[in-house]
Amino acid sequence: PVKMAFASALAGILIFLFGAKLFDQGINRTPPFVKASVENHLKFLSGNLPLEIKSHDPKVVAAWFKKRIDFMPHLPELKDNEIVLLGGRLDKFKGEYLALVSYRIDKSPVTMAIIKGNPMAYVESRDYFFMKGRRFNFSHKGGLNAISWTDDGNNFALVSRHSSRDIMSCRLRNANGHGLSDLNALLGI
């Protein structure tokens with residue numbers, strides 16, 4: 001009876017630990033679209049994913065994308081000298097086109113990945129908050145931070161070394177709030 005009780009207790013503990021591990025992986029797992037966005041940003045940083053269109057003009061970059069894909073949103077004209085559009089390129093995610101738009105914020109590269117919304121490209125993570133009725137999700141992968149959200153049928157991920165919360169609260173800007181409206185335009189809020 002003692003051996004049987006010990007074996008039952010051990011089996012119960014193993015089942016609990018295995019279930020907890022699976023549950024934890026499901027909650028903490030970086031969404032696949034966000035993970036792919038981080039990997040693309042790292043490739044861009046290493047020079048293995050060069051820009052196909054280089055321009056600081058959002059109209060030029062948007063026109064290049066619109067000739068190739070049907071889901072490119074409006075790229076805002078940013079008047080902040082610390083947020084600079086570099087250009088863009090196309091890639092694939094699970095057989096679907098993925099638009100990558102590169103910026104420099106405070107001299108640090110930032111990549112915005114955009115894909116037409118579909119179940120395979122979900123963006124929700126455990127760490128999130130709502131702003132102006134929109135859910136912004138935070139992920140951390142490979143030393144990079146990502147903000148992901150859905151808007152107008154598209155999914156977005158903004159990847160950089162900047163703290164995602166700093167980007168959202170605009171602490172990257174001067175204390176007087178310089179850049180707030182431009183960052184809000186970049187995030188579509």
Output all residues satisfying side chain to side chain contact (heavy atoms under 4.5 Å, CB included) with [X], sequence neighbours left out; order by chain, then residue number.
{"X": "Asp152", "answer": "none"}
{"X": "Lys54", "answer": "Leu51"}
{"X": "Ser55", "answer": "Asp57, Val60, Val61"}

Donor-acceptor under 3.5 Å ([X] side chain, [Y] main chain):
{"X": "Glu52", "Y": "Leu90", "result": "yes"}
{"X": "His140", "Y": "Leu144", "result": "yes"}
{"X": "Ser108", "Y": "Ile105", "result": "no"}
{"X": "Asn137", "Y": "Ser148", "result": "yes"}
{"X": "His56", "Y": "Leu85", "result": "yes"}

Calculate, to the nearest 0.5 Å, the distance between atoms [atom1] and [atom2] belonging to [X] and [Y] respectively.
{"X": "Leu100", "Y": "Phe93", "atom1": "CG", "atom2": "CZ", "answer": "12.0 Å"}
{"X": "Leu158", "Y": "Trp149", "atom1": "CG", "atom2": "CH2", "answer": "5.0 Å"}
{"X": "Thr111", "Y": "Arg89", "atom1": "OG1", "atom2": "CZ", "answer": "11.0 Å"}
{"X": "Asp91", "Y": "Ser37", "atom1": "CG", "atom2": "OG", "answer": "10.0 Å"}

Give the minimum heavy-atom separation between [X] and [Y], together with the two atoms involved.
{"X": "Ser160", "Y": "His41", "answer": "CA-NE2, 4.1 Å"}
{"X": "Arg104", "Y": "Leu86", "answer": "NH1-CD2, 3.5 Å"}
{"X": "Leu75", "Y": "Ala62", "answer": "CD1-N, 3.9 Å"}
{"X": "Phe44", "Y": "Pro109", "answer": "CE2-CB, 4.3 Å"}
{"X": "Ser46", "Y": "Asn48", "answer": "OG-ND2, 3.0 Å"}
{"X": "Lys94", "Y": "Pro32", "answer": "CE-CB, 4.4 Å"}

| said: Quick test of your reading of the model: are Lys141 and Glu39 salt-bridged, counting only N-O distances below 4.0 Å? | reply: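 Result for this pair is no, no salt bridge flagged.
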
| request: State whether Asp70 and Lys116 are salt-bridged, where the test is any N-O pair (Lys NZ or Arg NE/NH1/NH2 against Asp/Glu carboxylate O) under 4.0 Å. | output: yes

Check this for me: [X], atom [atom1], are more than 12 non-hydrogen atoms of other residues, nucleotides or ligands nearer than 6.0 Å?
{"X": "Phe71", "atom1": "CZ", "result": "yes"}
{"X": "Arg135", "atom1": "CZ", "result": "yes"}
{"X": "Lys107", "atom1": "NZ", "result": "no"}

| field | Asn145 side chain reached by Phe138 side chain, heavy atoms, under 4.5 Å | value |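 They are not in side-chain contact.
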
| said: What verdict does the side-chain contact (heavy atoms from CB on, under 4.5 Å) test give for Ile114 and Met72, after you've listed the backbone C-alpha separation in whole Å, the side-chain angles of each residue and the deciding distance to 0.1 Å? | reply: CA-CA 8 Å; Ile114 308 161; Met72 191 64 191; 3.9 Å; yes

| request: For a side chain to side chain contact (heavy atoms under 4.5 Å, CB included) with Ile115, tell me which candidate from Phe156, Tyr97, Phe33 qualifies. | output: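 One option only clears the test, and that one is Phe33.
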
